[in-house]
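So the structure is just underneath, and the comments pick up after that.
The figures here come from the full heavy-atom set of this structure, side chains too, leaving out hydrogens, waters and symmetry mates. Being a predicted model, the structure only gives us computed values, none of them experimental.
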Amino acid sequence: GVEVGPQPQGVARADVLDKMRKIVKHGLDFVQLFNEGREFPACTIEVFKIMEKVDYPRNKNGEIIAIIHPKLQDQDWQPLQNGDPLFLTLDGEVIPYQGNSTVYPTFINEAAYYEKKQAFVKTEKIKLTAKHLRLPVS
């Protein structure tokens with residue numbers, strides 16, 4: 001499956017549809033080249049590995065008491081470092097990120113995740129190495 005976004009629920013966006021078409025085309029091109037016997041050398045790529053889901057700050061009754069800070073909004077996949085603004089309370093108090101390492105938040109303030117008690121997902125950037133790939137000769 002391919003999930004392309006972000007986009008609001010029930011909204012069709014031409015730019016997101018174009019991205020989806022391109023990634024599906026690249027996938028189909030790869031399958032065709034692989035089936036034709038094309039050799040793919042080993043490579044290393046950077047990816048984002050999910051670490052944990054982060055909820056909104058809540059009071060003892062489970063009600064949200066802070067929202068995503070404006071400096072974090074729309075910053076998916078951008079580095080978040082210790083001390084950076086994370087949440088803003090309804091009283092205007094900034095709640096900073098407190099962490100030992102740089103993380104890369106994503107799915108920030110997604111409407112579909114409110115009911116799942118998820119303000120964003122923390123990811124870490126890692127490198128993966130793919131081995132040489134070629135269709136075995138029969």
Partner set under ring pair (Phe, Tyr, Trp, His ring centres under 6.0 Å) for Tyr56, not counting sequence neighbours: Tyr114
Ring pair (Phe, Tyr, Trp, His ring centres under 6.0 Å) against Phe87, all qualifying residues, sequence neighbours excluded: none
What's the spacing between [X] [atom1] and [Y] [atom2] if we round to 0.5 Å?
| X | Y | atom1 | atom2 | answer |
| --- | --- | --- | --- | --- |
| Gln81 | Thr102 | CD | OG1 | 4.0 Å |
| His69 | Leu80 | NE2 | CG | 11.5 Å |
| Leu90 | Ile67 | CG | CD1 | 6.5 Å |
| Lys49 | Glu124 | NZ | CD | 5.5 Å |
| Ile68 | Leu86 | CD1 | CG | 6.5 Å |
| Lys116 | Glu110 | NZ | CD | 11.0 Å |

Give me the other members of the hydrophobic cluster that Val11 sits in, counting Ile, Leu, Val, Met, Phe, Trp and Tyr linked by side-chain heavy atoms under 4.5 Å, directly or via other members. none
Phe48: hydrophobic cluster co-members (side-chain, 4.5 Å): Trp77, Tyr104
In the structure I gave you, are the side-chain heavy atoms of [X] and [Y] within less than 4.5 Å of one another anywhere?
| X | Y | result |
| --- | --- | --- |
| Val121 | Pro105 | no |
| Lys117 | Lys53 | no |
| Ile65 | Thr89 | no |
| Ile126 | Glu46 | no |
| Glu39 | His132 | yes |

Between the main-chain N or O of Asn61 and the side-chain N or O of Asn59, is there a donor-acceptor pair closer than 3.5 Å? yes
Side-chain (Asn82) to main-chain (Ser101) donor-acceptor, under 3.5 angstrom: no
Do [X] and [Y] sit in the same hydrophobic cluster, where Ile, Leu, Val, Met, Phe, Trp and Tyr count as joined when their side-chain heavy atoms come under 4.5 Å apart?
| X | Y | result |
| --- | --- | --- |
| Val54 | Val94 | no |
| Leu72 | Ile64 | yes |
| Val16 | Met20 | yes |

Quick check on Leu17: does its CG atom have over 12 non-hydrogen neighbours (other residues, nucleotides or ligands) under 6.0 Å away? yes
Is it the case that atom CD in Glu115 sees more than 12 heavy atoms from other parts of the structure closer than 6.0 Å? no
Asp55 side chain to Gln118 side chain, donor-acceptor N/O pair below 3.5 angstrom: no
Residues at least two apart in sequence or cross-chain that pass side-chain hydrogen bond (donor to acceptor under 3.5 Å, both in side chains) with Asn100, listed by chain then number, are none
Nearest heavy-atom pair of Ala66 and Pro57: which atoms, and what distance? CB-CG, 3.7 Å
Please assess Glu93 against Leu88 for the test side-chain contact (heavy atoms from CB on, under 4.5 Å), listing each intermediate value before the final yes or no. CA-CA 6 Å; Glu93 178 186 339; Leu88 185 63; over 6 Å; no
Return a table of donor-acceptor pairs under 3.5 angstrom between the side chains of residues 21-38 and protein atoms on other chains or two or more places apart.
| from | atom 1 | to | atom 2 | distance (Å) |
| --- | --- | --- | --- | --- |
| Lys22 | NZ | Asp18 | OD2 | 3.3 |
| Lys25 | NZ | Asp29 | OD2 | 2.8 |
| Gln32 | NE2 | Glu36 | OE2 | 3.0 |
| Asn35 | ND2 | Val31 | O | 3.3 |

